[in-house]
There are 2 protein chains.
Amino acid sequence: MTACTKCGSVENILKSGFIRGKQRLFCKSCEVHFTINLPQKEVNKPARQITIVDIAKSLGIAPSTVSRALNGSAEINASTRQEIIRVATEMDYRPNLLAQSLNRGETHTLGVVIPNIERPFFAGVLAGIQKVATEAGYRVMICQSNESHATETLNVQALVASRVDGLLISHSKETTSFEHIKLQLKKGLPIVHFDRVCNEVETAKVVQEDFEGSYILTEHLILQGCKRIAVCAGPRELIISISRLNGYKAALANYGIPLREELIYHTNFIQGESLLALDGWLNLPQKPDGILAVHYANAIDMIVELKKRKINIPSEMAIVGFGDELIASLIEPSLTVYHHSPFQMGGIAAKMLIDNIIHKDTFQPELQKMKGKLIIRQSSVRQ
Amino acid sequence: MTACTKCGSVENILKSGFIRGKQRLFCKSCEVHFTINLPQKEVNKPARQITIVDIAKSLGIAPSTVSRALNGSAEINASTRQEIIRVATEMDYRPNLLAQSLNRGETHTLGVVIPNIERPFFAGVLAGIQKVATEAGYRVMICQSNESHATETLNVQALVASRVDGLLISHSKETTSFEHIKLQLKKGLPIVHFDRVCNEVETAKVVQEDFEGSYILTEHLILQGCKRIAVCAGPRELIISISRLNGYKAALANYGIPLREELIYHTNFIQGESLLALDGWLNLPQKPDGILAVHYANAIDMIVELKKRKINIPSEMAIVGFGDELIASLIEPSLTVYHHSPFQMGGIAAKMLIDNIIHKDTFQPELQKMKGKLIIRQSSVRQ
DNA sequence: TTCGTTTTCGGAAACGTTTGCGGTAGTTTT
DNA sequence: AAAACTACCGCAAACGTTTCCGAAAACGAA
């Protein structure tokens, strides 16, 4: 019959049930259980990656030595190192980043959470992040919240589970509670906010000059002779919305123009929403003669609608928007905007985060405001 | 003085050099080296993440049991499992994905290489990829080649180093050699191409109906009465460029319109390049009366230029483009296009890749062509 | 020489999981 | 009551690195 794997005896072998599909046996002599292993045929595996151990074996040295050679440790003989490196390149060795990360406790990966990758602004930011990160030897992992708080929370969890070294985040419009951020911050995860920031926590932040931008745009309309300026504001929950609205209010106040509640409309990033606002304003006994759109896309929509209604821009209605994209210069009339640079913003944010990661103890979070620029186009210039 | 750590003797202790900043000693009695360890003060560490071992300890069981409970193994008592899960959630345990990946040999991560994230087409594809990947429990790691072959190769290497389970790639316009792809393919890495594919390798691919799209667009121009149709083609190296050019040629041939070399211009995705083409055409003794732009962005540029030159669209010059974006419908005159869906393309590609990953052995690569749709707008309709 | 020093390397533990396999105990079958 | 079976769990190896610590050897100085 079958022999015991330990004592080799073929007697005193008792059956002892099935386990994992195999017959289990028990040797009464040496009191040991065992199963019989089929000599599983050598299925030719798909060529495992070369490891540090392979190199060590092929040179007859210890893996630790190989590791030291490859990592530029000082405690190694120059000639030994050279030889190891030679063999390593010859065998086309690639370090296993998973093992490295597990051991070192850092992944050299940045996590990014944005509302939507398809918005040109965020795509630009991402590009900026990628550039800086890559140059600094970091990888980037991106998640979209799709403007949902729940998804955003999941995103953060997923990134943390992937053990990213730090987090770059621009909040969803829904997000009003920041527990998910506070939790990770408390655990020591470096976090940097950009654009849609959160004032409840002490993180480094990079934002646009929201207040100033709106102020300048509003002032521009005033100087063009507008007397009744409406504002298409963003979601009430977003800090940037509030800042921009405040810039608008400040400009009005500064020029002694009364603030009218009926000329303020809060949108919610819903398609066609700004048209409701516009419709409301046009039905007012006293129509506005200028519009500030806190998001340039709303301005675009309204321009289209105004043209449909044969309302002349800018003579009957001047219009300006916050943020710049190709389309703003191509639409007719072209749109006056407060121009900013998403790409740069991404770069700055990434740099901040990497600083934070590297100098975890000494890092001082700060708020950086990015200056924009008023670009005057046809939609607001009254001859 | 100091006592030997082994025999405790305080005599026969000799100095034995410095090592890593600490005094090294040698006990002659028991022939042992040692250094004196300061009773390093307990610096309160930043709250390590809970591990499976912590749970095991707190329950007095083995880590393997915890693992089995959490992974839904059958070989575990229901009540034990329940208790483990209770403690795990209570301690807010999060599995270390690095350790899991290292052990299982898979990261549940898809690598994506695209030319440029800021191009709306690719942003759309990415969004589609993300959606499908997330739903299937995969993460996504994105790299940009910036249309550089060298960068693309580095991207692939970086993603492989991160041990992604598969690769989604749309080649840079520079890429004519595909060794970097072949290499990984040979190593068994699942790869799926999209949009800018490569015919030299046997991978699953998802592309647009490039030929058919161009054919339909060209045919549309012909039916609108255009006799001399110019084409603003893409880079010669790109397969999609060739397919689209062929569609154009086929339509001409089918309607008995002679092909004129001077009406074919290959752009290279360089800003303002299409204007050179346009300028050339307008200086021809016999100007074209219709233009097919193989990339809608070129069409936009040309529309702007034509308007500057006071050339009427579409009566003097009809124009159509491949690909659709918001701007195509907003520009005046609005642009007739062959519409496609980047988002869906991304989704399909991701699904293919995940299929490939899961059914590595049985997976049959196939080419999927995505039907587009002719959207007729003002730029081509001659009353 | 004998001790002190420096350089260079190996062994082994550690990072946090998963998993193959064997052990124990209790239950059922002959 | 021995034999066969089942259910459950622990041990230890494995994944591929890095790093702590000690050992050996070579070298310098007294």
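Residue numbers start from 1 in every chain, and the chains themselves are labelled A, B, ... in the order their sequence lines are given, proteins ahead of strands. Hydrogens, waters and symmetry mates play no part in the numbers below; they use all other heavy atoms, side chains included.
By the 30° and 60° cut-offs, the orientation of the rings of B:H149 relative to B:H180 is perpendicular. Between B:Y138 and B:H108, the ring planes are parallel. Angles under 30° get that label, and only those over 60° would be called perpendicular.
Annotation: of the two residues near DNA chain C, B:N71 and A:E31, the 5′-most nearest-nucleotide partner is B:N71. Nearest-nucleotide mapping onto DNA chain C: of A:S16 and B:A99, the residue sitting toward the 5' end is B:A99. Nearest-nucleotide positions on DNA chain D for A:P63 and B:I76 put B:I76 closer to the 5' end. DNA chain D is contacted by both A:S67 and B:I61; B:I61 maps to the nucleotide lying nearer its 5′ end (nearest heavy atom per residue).
Put simply, the side chain of A:Q184 never gets that close to the backbone of A:L189: no donor and acceptor are under 3.5 Å apart.
A donor and an acceptor atom never sit less than 3.5 Å apart when one is taken from the side chain of B:R163 and the other from the base of D:dT17. For A:S101 and C:dC15, a side-chain-to-base donor-acceptor distance below 3.5 Å is absent, hydrogens and geometry of angles not being considered. One donor-acceptor pair, N or O on each side, does fall under 3.5 Å between the base of C:dG10 and the side chain of A:R68.
Taking 4.0 angstrom as the limit, A:K28 places none of its side-chain polar atoms (N or O) nearer than this to OP1 or OP2 of D:dA2. For C:dC21, one of the phosphate oxygens OP1 or OP2 lies less than 4.0 angstrom from a side-chain nitrogen or oxygen of A:K22. Phosphate proximity of C:dG16 to B:Q100: absent, as no side-chain N or O sits under 4.0 Å from OP1 or OP2.
Between the NE2 atom of A:H33 and the P atom of D:dC5 there is a distance of 13 Å, rounded to whole Å. Atom CZ of A:R24 and atom C1' of C:dG20 are 13 Å apart (whole Å). One can place CD1 of A:I52 at 14 Å from C1' of C:dG10, the figure rounded to the nearest angstrom. Between the P atom of D:dC9 and the CD atom of B:E83 lies a distance of 12 Å, rounded to the nearest Å. Look at CG on A:N77: it is 12 Å from C1' on D:dA26, rounded to the nearest Å. Distance CG (A:N103) to P (D:dG16): 14 Å, rounded to an integer number of Å. Between the P atom of C:dG16 and the CG atom of B:L70 lies a distance of 16 Å, rounded to the nearest Å. To the nearest angstrom, P of C:dT17 lies 16 Å from CD of B:E106.
Here B:T80 lies in heavy-atom contact (under 4.0 Å) with sugar-phosphate atoms only. When heavy atoms are screened at a 4.0 angstrom cut-off, B:L102 is found touching base atoms of the nucleic acid. If you check every strand for non-hydrogen atoms under 4.0 Å, A:F26 touches nothing.
Out of C:dT19, C:dG23, D:dG16, the shortest distance to the side chain of B:S64 is found at C:dT19. Closest to the side chain of A:Q23, from the set C:dT17, D:dC5, D:dC9, is D:dC5. Looking at the side chain of B:E75, the nearest of the listed nucleotides D:dC9, C:dG22, C:dC9 is D:dC9.
The local environment of NZ in B:K57 is sparse, with at most 12 non-hydrogen atoms from other residues, nucleotides or ligands closer than 6.0 Å. Shown here is A:E135, whose CD atom has more than 12 heavy atoms of other residues, nucleotides or ligands within 6.0 Å.
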Which is it for B:V66 and B:I61 under the side-chain contact (heavy atoms from CB on, under 4.5 Å) test, yes or no, and what are the steps along the way? CA-CA 8 Å; B:V66 179; B:I61 58 178; 3.8 Å; yes
